[in-house]
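Everything below concerns the one structure shown next.
Numbers for residues simply follow the sequence, beginning at 1. Scope of the values below: all heavy atoms of this structure, side chains included, with no hydrogens, waters or symmetry mates.
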Amino acid sequence: MEQPTHVPPPTELPETGRRKFLRWAVHGLSAVLAAVVGVPAVVYLIDPRNRPSPQRGFKPAGHVHELTVNIPKEVVIRETSRDAWTLYPDNVVGRIWLVRRPGPGNQVDAFTTTCPHLGCSINYSGTRFLCPCHGGQFQLNGTRINPHDNPASRDMDSLTVRLVPIPGNTDAEIWIQFEKFKTNQSAKEVLT
Ligand code: FES
């Protein structure tokens, strides 16, 4: 009668070595997964556009100390938007003029760059705001120059500004309630 052939068991790692390997593998995988999920989350939260705004609807527009008194600065307003699964982190939603007022403390005015006449983009000409399309001119406080000859039937559209003090600093963050308005009418009316 034929004797059964003895098949040697496959070579294995020693039990303790295999466990150690599996433990390290699991820990390593967990660390990689945490980094994959955690790093973008931290970056997302650090970005001021994604931090909770001091008031709903307000968007960051820089710092007061970046402005020179009575010298308008054009600022691009961006936001993070989502379309189904796609994230657009730097969507440009509009442009504004910021004007720091003289005097004690921080005082900042904001205007949309859109001309209230027919919607061209208003420039700063050195002493005043000037619309290149039909010659609309505005003071640094947004009021029309020569209202009777001005093609615009209302002043520049001002925006609500909120200054958020930075602790231990005289600077402040500038937050803007960015809105768009209907053009070619004397009443300021939000575009919905
Ligand atoms: Fe600005 Fe006409 S669009 S003056």
- Item | Listed partners of Glu74 passing salt bridge (charged side-chain N to carboxylate O under 4.0 Å, His left out), at least two apart | none

- Task: List for me each residue that meets side-chain hydrogen bond (donor to acceptor under 3.5 Å, both in side chains) alongside Thr86, sequence neighbours excluded, and say none if there are none.
- Result: none

- Item | Those residues that, when tested against Lys180, pass side-chain hydrogen bond (donor to acceptor under 3.5 Å, both in side chains) (two or more places apart) | none

Enumerate, atom names and distances included, each donor-acceptor pair closer than 3.5 Å involving a side-chain atom of residues 110-120, sequence neighbours excluded.
residue : atom : partner : partner atom : Å
Thr112  : OG1  : Thr114  : N            : 3.1
Thr112  : OG1  : Thr114  : OG1          : 3.4
Thr113  : OG1  : Arg95   : O            : 3.3
His117  : ND1  : His134  : ND1          : 3.2

- Below 4.5 Å, heavy atoms only, C-beta onward: do Gln139 and Ile145 meet side chain to side chain? yes

- Note on the structure: Value for CZ (Arg144) from CE (Met156), rounded to nearest 0.5 Å, stands at 12.5 Å

- May I have the step-by-step check of side chain to side chain contact (heavy atoms under 4.5 Å, CB included) for Val164 and Phe58, ending in yes or no? CA-CA 12 Å; Val164 179; Phe58 279 65; over 6 Å; no

- Query: Which value, rounded to the nearest 0.5 Å, describes the distance between Thr183 atom OG1 and Leu191 atom CG?
  - Reply: 8.0 Å

Listing, residues 121-128 side-chain donor-acceptor contacts under 3.5 Å, not counting sequence neighbours, or none:
residue : atom : partner : partner atom : Å
Tyr124  : OH   : Gly126  : O            : 2.6
Ser125  : OG   : Arg128  : O            : 3.1
Arg128  : NH1  : Gln137  : OE1          : 2.3

- Item | ILVMFWY cluster membership beyond Val75 - transitive side-chain contacts under 4.5 angstrom | Val64, Leu67, Ile77, Val93, Ile96, Leu98, Val108, Leu159, Val161, Leu163, Ile174, Ile176, Phe178, Phe181, Val190

- Would you please test Arg154 and Gln185 for side chain to side chain contact (heavy atoms under 4.5 Å, CB included) and show each step? CA-CA 7 Å; Arg154 66 172 189 263; Gln185 61 182 40; 3.8 Å; yes

- Say whether, by atom type as modelled, one donor and one acceptor occur between the side chain of Arg101 and the main chain of Asp109 under 3.5 angstrom. no

- Any side-chain heavy atom of His65 within less than 4.5 Å of one from Arg100? yes

- With sequence neighbours left out, which residue pairs that include part of residues 161-192 fulfil the disulfide (SG to SG under 2.5 Å) condition? none

- Contact summary for Gln107 and Pro102, nearest pair of heavy atoms: NE2-O, 3.6 Å

- Message: Give me each pair satisfying disulfide (SG to SG under 2.5 Å) with a member in residues 148-192, each pair once, sequence neighbours excluded.
- Response: none

- Do Asn91 side-chain atoms and Glu79 backbone N/O form a donor-acceptor pair below 3.5 Å? no

- Taking every non-hydrogen atom, the tightest pair across Phe138 and Ala152: CZ-CB, 3.8 Å

- Task: Only pairs at least two apart or in different chains count here, so list each side chain to side chain donor-acceptor pair (under 3.5 Å) that has a residue in residues 23-32.
- Result: none

- Please write out which residues are connected to Leu29 in a hydrophobic cluster, directly or through intermediates, given that two of Ile, Leu, Val, Met, Phe, Trp, Tyr count as joined at side-chain heavy-atom separations below 4.5 angstrom. none

- Taking only residues two or more places apart in sequence or in another chain, which ones pass salt bridge (charged side-chain N to carboxylate O under 4.0 Å, His left out) with Glu179? none

- What residue pairs, at least two apart or across chains, pass disulfide (SG to SG under 2.5 Å) with a residue in residues 152-192? none

